[in-house]
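Values reported hereafter were calculated over all heavy atoms of this structure, with side chains retained and with hydrogens, waters and symmetry mates removed. Bear in mind that the values here come from a model prediction, so they are computed numbers and not experimental data.
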Amino acid sequence: MTQYRSTLLRLLDERGYIHQLTDGEGLDTLASAGVVPGYIGFDATAPSLHVGSLVQIMMLRRLQQAGHKPIVLMGGGTTKVGDPSGKDESRRMLTGEDIKANIASIRTVFERLLAFGDGPTDAVMVDNDDWLSALGYVELLRTVGPHFTINRMLTFDSVKLRLEREQPLTFLEFNYMILQAYDFRELAMTRGCRLQMGGSDQWGNIVNGIELTRRMEATEVFGLTTPLLTTADGAKMGKTAAGAVWLNEDALPAYDFWQFWRNTDDRDVGRFLRLFTDLPLERIAELEAADGSGINAAKVVLANEVTRLVRGEDAARAAEATAAATFAGGGMGQDLPTHACADAAISLIDALMGLGFAASRGEAKRLVAGGGARVDGVVVLDEAHVIAITDVEVRISSGKKKHGILRKA
């Protein structure tokens, strides 16, 4: 582990955030001398970010905890273009109204994790549509175009991988890296921003912004990326068989969010506690060293801490209480997903789909055939099974960890 002088880089290093640095010594010196404004960009393609973005949000939180200024850059402008990084196809085009609504919704999560205001280390949220949409096309070509070569742009993974897979890459998307580079230059000039952070897939875009800022403004800025975040079994963080794990409450119930963290692989518990909670490192070391029932207790701590940060204290308590009632007492719990039935009966297949445990009838039938479906704790193997709907709630389970409630509408 590198011996950094600044609180910022020591904090990021100790908790496992650092993968690449453009000039570690220079940034370390800068962060030791005073407040460093730093930013991360987030595109507004949906009303909520998902867990895959949480490590970036936590990096901004660490920046503020170390006495520096977080800049949350919402990509109102770049969302209109679409980031090709890691994508095999173009994104759906959104209207300006859609993008504004998404930004307003996404902001609610940032307000839990960062302190916003007008002070020197208070967080600010800005929208790159404010300057990108004001740029004339010819102005952009003349001002920024000479600093980019097609030869180099073709070497970046976001472009190269799409072309190697023979997937279409539109001219619109090809411009994304130029616009992101311009963002860094704009924030450096107007906000005194000296640092851009992001995931390792953004390394090329970050380096472009550093070089553009240096060439156009003769200003030294820095870049830092986190490792590609995957689970111990190699899966992409934030993706599950049931879909994305959304950060916003209206996109995913608190219980499901809590349960995602409770289901963490044993091998990931320590790493996730360092990345996604504020627990002291000494406490994390104790939890990480546990085995047997102790590691399960550590997972409950992880689920509680992350849910508390992202959803609030009440959501964390309610989710844990629901889990305790469901698993320990065989009860219903108050925070489980529910499906209201207007009819006097419902098929098990429709119940599994209605609760979101299966995306299709075929998937639901396979779940039943494999012994993964239970009604009030009893395994049901008959795909034609019908459940009577009375005033008494019925508990439906998919596997050992997903539970829901059928109730009369």
Side-chain angles (χ1 to χ4, degrees), residues 46-54 57 105-106 108-109 112-113 231 235 237-265 268-269 272-273 276-277 295-341 346 348 350-359 363-364 367 372-377 387 392-409:
S48 173
L49 301 174
H50 61 68
V51 161
S53 297
L54 186 56
I57 302 174
S105 178
I106 289 169
T108 60
V109 169
R112 288 192 185 277
L113 289 155
T231 56
M237 182 68 180
K239 297 288 186 180
T240 69
V245 181
W246 300 105
L247 299 182
N248 282 51
E249 176 74 29
D250 54 1
L252 183 74
Y255 173 77
D256 291 331
F257 183 80
W258 187 95
Q259 195 64 39
F260 168 79
W261 297 100
R262 170 61 181 80
N263 292 340
T264 295
D265 189 295
D268 288 325
V269 172
F272 287 1
L273 284 166
F276 299 114
T277 80
I295 197 66
N296 287 328
K299 292 178 187 181
V300 171
V301 172
L302 172 66
N304 284 340
E305 291 296 319
V306 180
T307 305
R308 183 176 294 112
L309 282 175
V310 177
R311 299 294 185 83
E313 180 70 37
D314 290 345
R317 288 180 179 174
E320 184 181 16
T322 293
T326 301
F327 293 108
M332 294 295 188
Q334 297 302 308
D335 201 28
L336 291 175
T338 63
H339 181 65
C341 304
I346 185 173
L348 176 57
D350 286 338
L352 290 168
M353 293 177 63
L355 287 165
F357 295 162
E363 184 180 334
L367 179 64
R374 284 176 291 149
V375 178
D376 282 335
I387 303 164
V392 179
E393 295 177 340
V394 179
R395 181 163 57 115
I396 304 296
S397 303
S398 171
K400 295 180 179 179
K401 297 178 179 178
K402 296 178 69 174
H403 308 274
I405 300 170
L406 293 181
R407 58 167 54 116
K408 194 173 183 179

Exercise. Quick one: are Leu54 and Val306 in side-chain contact, heavy atoms under 4.5 Å?
Worked result: yes
Exercise. Looking only at heavy atoms, which two atoms of Pro337 and Tyr255 are closest? And how far apart?
Worked result: CD-CD2, 4.2 Å
Seminar exercise, completed: Closest non-hydrogen contact found for Ile405 with Leu355 is O-CD2, 3.7 Å
Seminar exercise, completed: Minimal heavy-atom distance between Ala316 and Arg308, with the atoms involved, is CB-N, 3.8 Å
Seminar exercise, completed: CZ of Arg317 to CG of Asn304, rounded to nearest 0.5 Å, is 10.0 Å
Exercise. Taking side chain as C-beta onward, heavy atoms only, is Ile346 less than 4.5 Å from His339?
Worked result: yes
For this session: Measure the OG1-CZ distance between Thr264 and Phe276 for me, rounded to the nearest 0.5 Å.
Result: 9.0 Å
Exercise. Roughly how far, to the nearest 0.5 Å, is CZ of Arg262 from CG of Asp256?
Worked result: 14.5 Å
Problem set entry | Heavy-atom closest pair, residues Trp246 and Ser48 | CZ3-O, 3.0 Å
Exercise. Is there side-chain contact between Val375 and Leu348, with at least one heavy-atom pair below 4.5 Å?
Worked result: yes
Exercise. Hey, does Val300 have a side-chain heavy atom less than 4.5 Å from the side chain of Asn296?
Worked result: no
Exercise. How long is the gap from CG on Leu367 to CE on Met353, to the nearest 0.5 Å?
Worked result: 12.0 Å
For this session: Compare all side-chain heavy atoms of Val310 with those of Arg112 and state whether any distance is below 4.5 angstrom.
Result: no
Exercise. What's the spacing between Leu252 CG and His50 NE2 if we round to 0.5 Å?
Worked result: 12.0 Å
For this session: Evaluate the side-chain proximity of Arg311 to Trp258: yes if any heavy-atom separation is below 4.5 Å, no if none is.
Result: no
Seminar exercise, completed: Here the gap from Asp265 atom CG to Ile295 atom CD1, rounded to the nearest 0.5 Å, amounts to 9.5 Å
Problem set entry | Heavy-atom pair of closest approach, residues Pro47 and Ser105 | O-OG, 2.6 Å
Exercise. Only one of Leu273, Asp268, Thr307 clears side chain to side chain contact (heavy atoms under 4.5 Å, CB included) with Leu302; which?
Worked result: Leu273
Exercise. With a 4.5 Å heavy-atom cut-off, do Thr277 and Val301 have their side chains touching?
Worked result: no
